Amino acid sequence: MPYYCLLTASEKTGYKIFMEYNFRSIEQKWQQQWEATHAYRVSNDSDKPKCYVLDMFPYPSGAGLHVGHPLGYISSDIYARYKRLKGFNVLHPMGYDAFGLPAEQYALETGQHPAVTTENNIHTFRKQLDNIGFCYDWERQVKTSEPAYYKWTQWIFLQIFNSWFNRHTQKAEPIHTLIQVFEKEGNVRHECPGDRHLHFSSAQWTAYDEATQLNVLMQYRLAFLAYAEVNWCEALGTVLANDEVVNGVSERGGFPVVKKKMRQWFMRITEYANRLLEGLETVAFSDSMKEMQRNWIGKSQGAEIKFAIKGAPAEEFITVYTTRPDTIYGVDFMVLAPEHDLVKLITTPEQQATINSYLDYVQSRSERERMAEVKQITGAFTGAYAINPISGQEVPVWISEYVLAGYGTGAIMAVPCGDQRDFGFAKHFNIPITNILGGDFNGQEANPTKDAILHNSGPLNGTPMREASEVVIRELEHKSIGRRQINYKMRDAGFSRQRYWGEPFPIVFKNGVAYPVDEKELPLELPHIENYKPGPEGEGPLANVTEWVNIAPGVRRETNTMPGYAGSSWYFLRYADPHNTATFASRHATDYWNQVDVYVGGTEHAVGHLLYSRMWTKVLCDLDFIGFDEPFKKLINQGMIQGSSRFVYRVKGTNQYVSLGLKDQYETDRLHVDVNIVDGILLNTEAFRQWKAEFADATFLLENGQYLCGTEVEKMSKSKYNTVNPNELVEKYGADTFRMYEMFLGPVEQSKPWDTKGIEGVHRFLKKLWRLFYDEQKGWIVTGEQPAPEALKILHKTIQKIDYDTEHFSYNTAVSQFMICVNELATLKARQRAVLEPLLILLAPYAPHIAAELWHTLGHESSILDATYPLFDEQYVKESAFNYPVAINGKTRLEMSLPLDADNTTIEAAVLANEDLKKWLENKPVKRVIIVKGRMVNLVI
RNA sequence: GCGGAUGUGGUGAAAUUGGUAGACACGCCAGACUUAGGAUCUGGUGCCUCACGGUAUGUAGGUUCGAGUCCUAUCAUCCGCACCA
């Protein structure tokens with residue numbers, strides 16, 4: 001480590017400078033120092049135990065970082081530094097999820113290439129991150145939009161494309177093993193996941209032409225092509241994301257959006273449903289997080305039942321999935337999803353017009369709306385009747401938007417007495433309701449119980465529902481009109497985007513059949529374009545780059561790109577070996593770093609990113625590229641930092657603004673005002689006038705000489721002017737203060753609104769800490785004396801608490817403990833090195849710069865980053881007596897100091913002998929004495 | 001609609017997991033030092049009450065010697081729901 005010129009307090013020059021806590025020069029100095037010495041460089045070879053601490057990498061948006069982002073980053077940084085002090089070799093990398101829609105949208109509006117804006121944004125992010133003093137090993141940075149990175153995204157995609165899921169072994173295997181099976185025995189033992197009704201023998205397989213064979217294989221591949229609906233906006237000529245569609249029209253321009261079927265790539269994640277579910281048992285995610293994933297996967301047990309259609313050909317059935325086969329006699333009608341293939345076939349001529357107009361209506365409805373708006377019951381009768389395969393009863397077939405095509409079979413058997421939505425539907429359309437619950441159904445609402453005795457159920461009458469399911473399933477299977485079925489709510493994950501700014505697929509189509517590009521051709525680079533407009537027929541912009549798309553006559557490249565989660569599904573593996581050009585990461589590196597020990601990020605990724613990356617990890621593990629099948633051992637969810645917006649009230653039609661308390665006397669418009677020109681709720685009126693030209697002539701109606709703003713907690717966003725830039729706070733108070741303040745706000749997992757106000761308290765704490773070392777007049781005041789027992793006591797209490805809290809991510813209480821400790825040491829005037837030195841090590845993960853500075857001034861040549869973490873010693877904190885609260889009937893009345901080793905009899909005697917107690921006892925006899933040793937005494941009278 | 005989370009002073013919160021509610025801070029009040037204070041230090045600060053005391057953890061019940069913590073019901077707010085990342 002190069003020696004840095006440091007002025008100590010004893011030197012005459014610069015004497016004054018180091019009297020005060022000058023965070024700016026300290027932080028700058030140490031950041032430069034750490035960079036120059038590569039202090040955060042991490043090696044893949046070490047004798048130390050490893051620890052992998054990872055942040056969810058950010059999408060580098062144009063808005064830059066706001067105070068919400070660093071919350072998780074600071075948490076993980078503290079943990080990483082702490083683990084390093086504890087003797088671990090810690091991998092703590094950072095990178096950018098650099099592909100994405102906003103950059104492309106911005107390109108569309110401004111003509112700037114996404115690669116350029118993304119690079120600019122990354123630059124801004126990096127500057128902001130560097131300010132806060134993180135211990136990232138930047139030599140391992142990844143950017144998902146770089147060819148050197150997405151080469152491996154494409155490569156992994158090809159591995160997934162070239163794999164199938166063997167349900168017998170529950171593992172992915174290379175597709176050639178499946179071909180061998182087909183050649184030997186057809187698909188008798190391997191049900192086709194893409195089309196269950198596909199059956200062929202080995203003879204048939206060998207007779208198929210190549211295109212047919214490839215089509216069949218596509219139905220097995222883990223990355224596959226299928227048709228699915230997208231939000232199609234004719235006017236914009238493009239496919240829209242769900243959040244670009246508002247109330248059935250495009251967010252931009254308000255044009256109508258309809259659903260359109262397009263050929264798309266998918267990940268067959270449903271094959272992994274069970275393993276994703278079981279894997280949850282092996283990871284340390286919060287219960288709520290596991291619950292969310294379980295619900296998303298949505299495993300249910302039930303039966304698939306085929307209902308014949310009256311008057312239709314015998315081979316046509318309405319197949320339904322139900323978790324309640326026991327209610328089969330309660331089926332009063334059937335409901336198909338409006339998109340169901342049978343709708344066209346079974347609708348009677350008389351009902352055709354009704355059905356058509358209903359289908360038009362449904363076209364305009366988003367899936368979200370269809371699920372959410374249940375109060376409004378809609379539907380249409382097809383005119384057809386289905387025949388209950390168990391009871392033989394004929395029931396009408398309806399279509400309704402509350403049945404979704406993507407879930408189950410896209411059709412349900414409706415049991416209104418047991419299902420509230422079915423009940424509402426039946427009531428609304430006057431469909432008679434069969435009561436199979438007897439007295440358990442009141443006719444006013446459905447009763448979804450499983451504990452009733454069946455009525456009106458033919459031979460099942462009198463059977464408890466829980467037993468009936470089994471009976472019905474057996475009969476269905478016996479008659480071949482249904483079967484036991486496990487169903488998952490989870491759907492295969494759409495993996496195509498009709499966009500430019502994403503990874504190109506390494507796929508070419510020859511006469512419409514998909515072929516993988518040779519691995520040697522990777523990376524398949526994204527061609528540079530100037531025009532970001534969509535291609536014909538809703539294809540992505542790449543379709544316009546004809547020279548890139550058309551390779552040879554009849555040979556076209558795939559023009560879709562991969563979605564945002566492609567690059568993020570495996571990036572944690574790349575950090576282990578980021579510069580490898582021969583493979584995505586060497587087996588040596590992934591074996592060494594293995595699973596991420598702690599993963600920190602927001603709950604918004606609860607299902608999407610976490611499930612996809614878990615799936616990719618499982619595939620790579622099955623194919624033996626890595627040695628573990630769960631990527632993240634432990635997950636910490638950081639809460640959202642909400643914005644706290646401020647409002648001014650403009651008198652309608654004027655440029656006059658009235659203070660909060662006076663606004664009701666006027667008719668006003670509420671306007672967001674930049675929180676950065678408001679102190680608490682006091683508006684800086686001068687800054688307001690300068691904020692925007694339109695406010696230059698603003699006049700104010702004040703209360704008590706002040707302008708008070710209204711407040712509201714909202715999402716932190718630029719448009720609400722409630723974002724707070726960490727840079728400004730770091731500039732004003734320093735990175736150490738900022739880091740500790742973010743942690744002081746409350747538990748990491750909890751969401752809370754941002755309020756800058758309290759930061760002063762943390763800053764004062766650091767200044768107070770500084771004054772333990774430096775006196776304004778005397779300068780450096782640390783001594784080598786033996787510390788007082790009180791000082792050692794508070795030190796060791798602090799060691800114990802900080803160690804525990806840091807290990808458990810309880811950083812808010814850790815910061816409090818630092819404050820308590822420093823307050824106490826200041827009161828004790830404790831200046832001894834033996835107390836202050838361990839305290840600095842404890843503090844180093846939280847406030848690394850000030851800790852490093854004082855450490856250095858204490859005379860250490862070696863870095864505090866690798867100091868030895870202090871050990872807690874109980875002898876210093878032992879107490880001999882405890883101040884017992886004495887309660888009567890649970891109400892604390894007085895306190896008594898008693899020796900801690902006193903036994904219950906002694907305590908009881910001492911308490912009952914207390915004179916002050918008399919007035920509380922009101923001469924009533926003590927019925928019972930409850931003593932909790934070392935805690936409290938309670939007398940019951 | 002489904003799923004998840006959160007409700008404690010004026011504010012952010014703490015509470016060893018069933019045992020003295022409000023630690024630590026912000027803010028506010030009073031005072032000291034100071035040429036000055038947006039520096040620093042001291043004291044106070046849940047609410048009601050002059051006080052004695054009473055009362056208090058979204059609301060309503062319950063279990064318990066004892067409940068912020070456990071149970072039941074209920075209300076409110078926030079987040080996610082598959083093409084934002």
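Residue numbering restarts at 1 for every chain, and letters A, B, ... go by the order of the sequence lines. Keep in mind the model is a prediction, meaning the values are calculated, not measured.
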What nucleotide among [options] has an atom nearest to a side-chain atom of [X]?
{"X": "A/M292", "options": "B/G3, B/U40, B/G54", "result": "B/G3"}
{"X": "A/F744", "options": "B/U20, B/A25, B/G4", "result": "B/A25"}
{"X": "A/H605", "options": "B/G19, B/G27, B/A85", "result": "B/A85"}
{"X": "A/Q264", "options": "B/G66, B/C83, B/A21", "result": "B/C83"}
{"X": "A/M490", "options": "B/A23, B/U20, B/A82", "result": "B/A82"}
{"X": "A/D755", "options": "B/U11, B/C83, B/A23", "result": "B/U11"}
{"X": "A/K752", "options": "B/C84, B/A13, B/A39", "result": "B/A13"}
{"X": "A/R935", "options": "B/U16, B/C83, B/A14", "result": "B/U16"}
{"X": "A/W296", "options": "B/C26, B/G19, B/A82", "result": "B/A82"}
{"X": "A/R893", "options": "B/C26, B/C84, B/G54", "result": "B/G54"}

[N] versus [M] - spacing of their [atom1] atoms, nearest Å:
{"N": "B/C78", "M": "B/A39", "atom1": "P", "result": "36 Å"}
{"N": "B/G61", "M": "B/A15", "atom1": "P", "result": "29 Å"}
{"N": "B/U8", "M": "B/G46", "atom1": "C1'", "result": "10 Å"}
{"N": "B/A14", "M": "B/G37", "atom1": "P", "result": "37 Å"}
{"N": "B/C24", "M": "B/C41", "atom1": "P", "result": "15 Å"}
{"N": "B/A73", "M": "B/A21", "atom1": "P", "result": "29 Å"}
{"N": "B/U40", "M": "B/A85", "atom1": "P", "result": "47 Å"}
{"N": "B/C50", "M": "B/G54", "atom1": "C1'", "result": "15 Å"}

What about A/Y96 and A/F57, are their ring centers closer than 6.0 Å?
no
May I ask you to check whether A/Y846 and A/F818 place their ring centres under 6.0 Å from each other?
yes
Report yes if a side-chain nitrogen or oxygen of [X] is closer than 4.0 Å to either non-bridging phosphate oxygen (OP1 or OP2) of [N]; otherwise report no.
{"X": "A/K489", "N": "B/G3", "answer": "no"}
{"X": "A/N812", "N": "B/A14", "answer": "yes"}
{"X": "A/R491", "N": "B/A82", "answer": "no"}

Above 12 or not: heavy atoms from other molecules or residues under 6.0 Å from NZ of A/K933?
yes
Pick base, sugar-phosphate or nothing for A/N883, based on heavy-atom distances below 4.0 Å to the nucleic acid.
base
Base, sugar-phosphate or nothing for A/G608? Non-hydrogen atoms, less than 4.0 Å.
nothing
Syn or anti conformation of B/G9, syn meaning chi within 90° of 0:
syn
Quick check on B/U63: syn or anti? Syn means the glycosidic torsion is within 90 degrees of zero.
anti
Assess whether a salt bridge exists between A/R268 and A/E271, defined as any Lys/Arg side-chain N lying under 4.0 Å from an Asp/Glu carboxylate O.
no
What is the distance, rounded to the nearest whole Å, between atom [atom1] of [X] and atom [atom2] of [N]?
{"X": "A/R764", "N": "B/U42", "atom1": "CZ", "atom2": "P", "result": "12 Å"}
{"X": "A/H66", "N": "B/A85", "atom1": "NE2", "atom2": "C1'", "result": "12 Å"}
{"X": "A/E291", "N": "B/C2", "atom1": "CD", "atom2": "C1'", "result": "13 Å"}

Decide yes or no for A/M267 and A/W616: does some side-chain heavy atom of the first lie under 4.5 Å from some side-chain heavy atom of the second?
yes
Is there a donor and acceptor pair, one atom on the side chain of A/E895 and one on the base of B/U20, closer than 3.5 Å?
yes
Look at the side chain of A/Q817 and the base of B/C24, then say whether one donor and one acceptor between them are separated by less than 3.5 Å.
no
Quick one: do the A/D422 and A/Y402 side chains pair a donor with an acceptor below 3.5 Å?
yes
Between A/F99 and A/Y59, does the ring-ring contact (aromatic ring centres under 6.0 Å, His included) criterion hold? Intermediate values first, please.
CA-CA 8 Å; A/F99 275 132; A/Y59 173 76; 10.0 Å; no
